[in-house]
Engineer: 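Let me begin by handing over the structure; questions about it come next.
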Amino acid sequence: MKVAVIGATGMVGDVMLKVLAERNFPLTELLLVASERSVGKKMTFQGKEHTVIGLADAVAARPNIAIFSAGGDTSLEWAPKFAEVGTTVVDNSSAWRMDPTKKLVVPEINAHELTAEDKIIANPNCSTIQLVMALYPLHKKYKMKRVVVSTYQSVSGTGVKAVQQLENEIAGVQGEMAYPYPIGRNALPHCDVFMENGYTKEEMKLAREPQKILDDRTFSISATAVRIPTAGGHSESVNVEFENDFELNEVRRLLNEMPGVTVQDNPDTNTYPMPIYAHDKDEVFVGRLRRDETQRNTLNMWIVADNLRKGAATNAVQISEYLVEKGLV
Ligand SMILES: NC(=O)c1ccc[n+]([C@@H]2O[C@H](COP(=O)([O-])OP(=O)(O)OC[C@H]3O[C@@H](n4cnc5c(N)ncnc54)[C@H](OP(=O)(O)O)[C@@H]3O)[C@@H](O)[C@H]2O)c1
């Protein structure tokens, strides 16, 4: 099992290598791939030194799986070249997510849709993954009508440059800006670029991707995405209206039974999910479960996950594990 990690020198790439090692992914050969800037650089994986190579050399090596975390443009240009030589691509960028010929996969929900013919598989947006992990078991039982979500997203979701901006601001050092404004002691209602309809691209990803993953266009999602000065972990305030009524105890049970979801919900002990405690964890944490007292069949909840783990690397590695287990690569 030859695996290429594209974007190995980046923030998601770094966590990807950690997750592959932790889960003992059954690889026999590892190719670490990045831009021309990093070619020749030495990196260590499971005690063994590797030299970073470029994309053309990686295609020539015909890996079984290539996990891409190197931006949309790199994926658009290079994923088809890998697919042509028989490699299965698992892509972390937004390049292929809404392409109707590509599957958008959260393994706990829809990995069963994958076949050996799927040569480019899309990993959903980080804030989408944690949202659908909590919505899925509830949708199956009560059928969602409408979701209103506001996100509180960490700077690690933007990449290395944004983490550096926050660190520079904390240290009082002038440096390159990843955002148009300071992020320390601030909240930017602006994740990704603005679109013609006034929403940001991140907000539209949250509105569209869950419908594709759950294969259901009958519910709607309205999103506001906000960047806050946390270093890692995205949080979401979520209001869900269902067609059918629910019992809070049953909601708690359904969430607890969902693989990969952990309920942390006890006001008496100040128990609720928080990004610093979700750091380096693979689970999606859900709490603050409350009935919306202003509207029928409506639930409020708070969802937190490590955006670099389940929001990116862990989900991509789980897809790769499924491909190996089912003999699809
Ligand atoms: N951060 C998150 O929470 C998150 C979550 C889900 C998905 N993603 C997606 O994952 C991708 C990477 O994000 P990140 O946060 O890890 O960014 P990052 O820290 O800036 O890392 C980018 C990586 O891509 C490589 N790269 C850039 N241009 C390249 C090119 N032309 N050819 C080959 N490699 C190239 C970089 O290599 P060099 O070091 O050589 O420049 C680096 O390894 C993005 O597509 C992002 O949308 C991020």
Side-chain angles (χ1 to χ4, degrees), residues 4-19 31-43 50-59 66-79 81-82 89-97 104-106 120-132 151-167 176 178 191-193 200-202 205-206 209 225 227-228 230-236 275 278-280 282 284 304-319:
V5 174
I6 322 294
T9 52
M11 248 171 35
V12 175
D14 180 51
V15 181
M16 193 73 69
L17 295 176
K18 248 201 228 169
V19 173
L31 305 170
L32 299 185
V33 188
S35 78
E36 291 305 321
R37 294 179 288 277
S38 305
V39 170
K41 194 177 158 187
K42 305 283 183 212
M43 291 178 73
H50 292 261
T51 305
V52 174
I53 61 170
L55 280 154
D57 286 344
V59 173
I67 308 177
F68 270 67
S69 314
D73 292 344
T74 306
S75 296
L76 277 176
E77 185 183 345
W78 288 90
K81 295 182 184 173
F82 279 90
V89 170
V90 179
D91 183 38
N92 256 312
S93 80
S94 58
W96 304 100
R97 289 180 190 147
L104 183 62
V105 175
V106 175
I120 300 177
I121 301 162
N123 208 49
N125 181 43
C126 42
S127 32
T128 302
I129 294 177
Q130 65 185 75
L131 179 66
V132 292
T151 68
Y152 302 67
Q153 300 187 210
S154 78
V155 293
S156 67
T158 313
V160 169
K161 214 174 128 187
V163 175
Q164 193 56 53
Q165 179 182 332
L166 178 60
E167 281 172 7
E176 218 186 323
C191 296
D192 210 330
V193 296
T200 61
K201 213 168 156 191
E202 184 83 0
K205 290 174 200 168
L206 274 159
E209 291 179 15
R227 190 74 61 191
I228 59 163
T230 45
H234 290 348
S235 307
E236 295 174 345
H279 179 67
D280 243 4
D282 286 322
V284 171
V304 178
D306 185 328
N307 50 299
L308 297 175
R309 285 254 172 182
K310 184 59 182 165
T314 304
N315 200 71
V317 173
Q318 286 176 307
I319 293 174

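We count ligands from 1, going down the list as the structure has it; atoms in each ligand are counted the same way.
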Engineer: Do any nitrogen or oxygen atoms of ligand 1 lie under 3.5 Å from a protein nitrogen or oxygen, and which ones?
Structural biologist:
residue  : atom   : partner : partner atom : Å
ligand 1 : 1 (N)  : Ser156  : O            : 2.9
ligand 1 : 3 (O)  : Asn307  : ND2          : 3.0
ligand 1 : 16 (O) : Met11   : N            : 3.1
ligand 1 : 16 (O) : Val12   : N            : 2.8
ligand 1 : 19 (O) : Met11   : N            : 2.9
ligand 1 : 34 (N) : Ser35   : N            : 3.2
ligand 1 : 37 (O) : Thr9    : OG1          : 3.2
ligand 1 : 39 (O) : Thr9    : OG1          : 2.5
ligand 1 : 39 (O) : Ser38   : OG           : 3.3
ligand 1 : 40 (O) : Ser35   : N            : 3.2
ligand 1 : 40 (O) : Ser35   : OG           : 2.6
ligand 1 : 40 (O) : Ser38   : OG           : 2.4
ligand 1 : 41 (O) : Ser35   : OG           : 3.4
ligand 1 : 41 (O) : Arg37   : NE           : 3.2
ligand 1 : 41 (O) : Arg37   : NH2          : 2.8
ligand 1 : 43 (O) : Gly7    : O            : 3.2
ligand 1 : 43 (O) : Thr9    : N            : 3.3
ligand 1 : 43 (O) : Thr9    : OG1          : 2.7
ligand 1 : 43 (O) : Gly10   : N            : 3.0
ligand 1 : 45 (O) : Gly71   : N            : 3.0

Engineer: Could you tell me whether Arg97 and Asp91 make a salt bridge, using a distance below 4.0 angstrom between a side-chain N and a carboxylate O?
Structural biologist: no

Engineer: Got more than 12 heavy atoms from elsewhere within 6.0 Å of NZ, Lys81?
Structural biologist: yes

Engineer: Please enumerate all residues that pass side chain to side chain contact (heavy atoms under 4.5 Å, CB included) together with Asp306, with sequence neighbours excluded.
Structural biologist: His279, Leu308, Arg309

Engineer: Between Asn307 and Ser156, does the side-chain hydrogen bond (donor to acceptor under 3.5 Å, both in side chains) criterion hold? Intermediate values first, please.
Structural biologist: CA-CA 8 Å; Asn307 50 299; Ser156 67; 2.9 Å; yes

Engineer: When rounded to the nearest 0.5 angstrom, what is the spacing between CE in Met43 and OG1 in Thr9?
Structural biologist: 6.5 Å

Engineer: When you measure from the side chain of Thr230 to the backbone N and O of Gly232, does any donor-acceptor pair fall under 3.5 Å?
Structural biologist: no

